[in-house]
Amino acid sequence: LINVCILGNGTVGSGVVELLNKNRENIRKRTGEDVRIAKILVRDINKHFREKYFHLITNDISEIWNMDVDIVVEAMGGLYPAYDYIKGFLQKSKHVITANKDVIAKYGDELSKVADRHGVCLKYDASVAGGIPILKPLQDCLAGNEIKCFYAILNGTTNFILSKMYNEDMKYEKALEIAQEIGFAEANPDSDVLGYDSARKLAILSSISYDSRVFWDKLYTEGITEIDEIDIAFAKKIGCNIKLLALSAKEEEGIYGAVRPAFVPFKGKLGMVSDEFNGILLEGDAVGQVFFYGKGAGKLPTASAVIGDIFDVIENKKMRSVSRAENEAQIITKWQKNSDWFIRVECDEVERVIDFIKAKFGNITAIYPDKAIGGIVAFILEVENEIILDIILENLQGISGVKKIKKTIIIDL
Ligand code: NAP
Ligand code: HSE
């Protein structure tokens, strides 16, 4: 008999209860083990009295602490006390499965070592891209590759918001409200909309892939809060969608890592990823491009990843830590590749701006918004790398009457 305790009965925790109950027979057939949910921890017990399994719910961690438990599923969220609970249970030689990227991005390496020392598993497949199996394929099936780069949509909430704004002209605030109601968003949705959640997931992917420690707060991180209807109109005009991309690439001088809004071709692989879906396009030196696609947030998709980890624990399949490497990666925050950039300029005198851009880039065509909005003009500029672009834009900013410049990378995939 395998006793499972679940910390949290929110979107993910309740999904794990539902899916575990549904899969009980399946688990028995495949592993020969009976799985029993022994206890479920919550913060406010009054919120849960309608649950059929209310008798299993407690708000007292010491009850679980002292139980005969085999697997602890952490689905509470946040850094603390989640980190202390995960560490404490590993030290008690309990297997731990978590969906918590905040904890894994910051402490995954340390916690994996604690798990190793105590001969148990720490598993976290649900922490990156929800229901998409990505960590296991990266570490197993793609192990023979040197991973060169990732182009990924890793946050369901922001992708949902951008899809609603793009496809239904929905206001940002309304779309965020719906994402929160459905349960895609983090308890503090700033994590989603400011890009931190994507950065944490990208750091986990990068640490695994490049065998050096990547810290999420060293990455360039820009969220979606500055995207407005004008950006969307421009994107449509040039056949693009707008996505919050998590980008990383192995360069000679280090690892490029950034989370930033990007224009992507409307009909490309990433442009077609809508709503709460995630997409991860990676490139390995042997396999070439591989694309992973599926639901990146939500109750059952995330629970699906947790149940997969439960199977693995029962079948005693270990997964290596976030990164065995002791060295910290050198992080580069400026895009190094030759690319097109979409540059939007708000200014008093459009002609002056056009003359400046033409002097630098030749006979380039200015793009205007569909609706006549005075003082806004845009260009697509091809530059060797982002450092060169920044120097040009600094000079442009110096022209009198230029109020605001926005640059958005165009990823042609
Ligand atoms: P949630 O809906 O807010 O649920 C959190 C649950 O944990 C609630 O039941 C809450 O209790 C309980 N909890 C929180 N702090 C606690 C504490 N200090 N002591 C005891 N119980 C506590 O969150 P969620 O969306 O399920 O997310 C959980 C984790 O999964 C997060 O790390 C999140 O990033 C990750 N994740 C979420 C998704 C998703 O789609 N939602 C997808 C992948 C990963 P009360 O109910 O009593 O407040
Ligand atoms: N808030 C996260 C998202 C949950 O929207 O992607 C899944 O990690």
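We number each residue from 1, following the sequence as shown. In listed order, ligands and their atoms are each counted from 1. Only a predicted model underlies this, so the values are computations on that prediction, with no experimental measurement involved.
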Measuring from non-hydrogen atoms of Glu276 to any atom of ligand 2, is the shortest distance under 4.0 Å?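 Per 4.0 Å heavy-atom rule, Glu276 does not contact ligand 2.
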
Applying a strict 4.0 Å limit to heavy atoms, is Gly296 in contact with ligand 2?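 For ligand 2, residue contact (heavy atoms, under 4.0 Å) with Gly296 is present.
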
Checking the N or O distance criterion of under 3.5 Å, is ligand 2 in contact with Ser127?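 So ligand 2 has no N or O lying under 3.5 Å from an N or O of Ser127.
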
Distance-only N or O hit between ligand 2 and Ala185, under 3.5 Å: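 No, there is no polar N/O contact under 3.5 Å.
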
Proximal atoms of ligand 2 relative to [X] (non-hydrogen, under 4.0 Å):
X: Asn155; result: 2 (C), 3 (C), 5 (O), 6 (O)
X: Lys201; result: 2 (C), 3 (C), 6 (O), 7 (C), 8 (O)
X: Gly156; result: 3 (C), 5 (O), 6 (O)
X: Glu186; result: 1 (N), 2 (C), 4 (C)
X: Asp192; result: 1 (N), 2 (C), 3 (C), 5 (O)

Any chance the side chains of [X] and [Y] put a donor and an acceptor closer than 3.5 Å?
X: Glu110; Y: Tyr83; result: yes
X: Asp60; Y: Ser62; result: yes
X: Tyr53; Y: Asn21; result: no

Quick one: salt bridge (charged side-chain N to carboxylate O under 4.0 Å, His left out) partners of Lys39, sequence neighbours excluded?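 Per chain and number, Lys39 pairs via salt bridge (charged side-chain N to carboxylate O under 4.0 Å, His left out) with Glu63.
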
salt_bridge([X], [Y]) N-O dist < 4.0 Å:
X: Arg200; Y: Glu186; value: no
X: Glu168; Y: Lys174; value: no
X: Lys148; Y: Asp285; value: no
X: Lys337; Y: Glu251; value: yes
X: Asp109; Y: Lys113; value: yes
X: Arg344; Y: Asp228; value: yes

Students should be able to answer this: which protein heavy-atom is nearest to atom 5 (O) of ligand 2, and at what distance?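 Minimum-distance protein heavy atom for atom 5 (O) of ligand 2 reads Thr157 OG1, 2.6 Å.
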
What is the nearest protein non-hydrogen atom to atom 8 (O) of ligand 2, stated with its residue, atom name and distance?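 Ranked first by proximity to atom 8 (O) of ligand 2 is Lys101 NZ, 2.5 Å.
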
Close residues, ligand 1: non-hydrogen atom nearer than 4.0 Å: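 Within the 4.0 Å shell of ligand 1, which is judged on heavy atoms, sit Gly8, Asn9, Gly10, Thr11, Val12, Leu41, Val42, Arg43, Asp44, Lys47, His48, Ala75, Met76, Gly77, Pro81, Ala99, Asn100, Lys101, Ala126, Gly183, Glu186, Ala297, Gly298, Thr302.
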
Under a 3.5 Å distance rule, please check whether Asn155 uses its side chain to pair with a backbone N or O of Thr157 as donor and acceptor.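 Flag set: sc Asn155 to bb Thr157 pair under 3.5 Å.
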
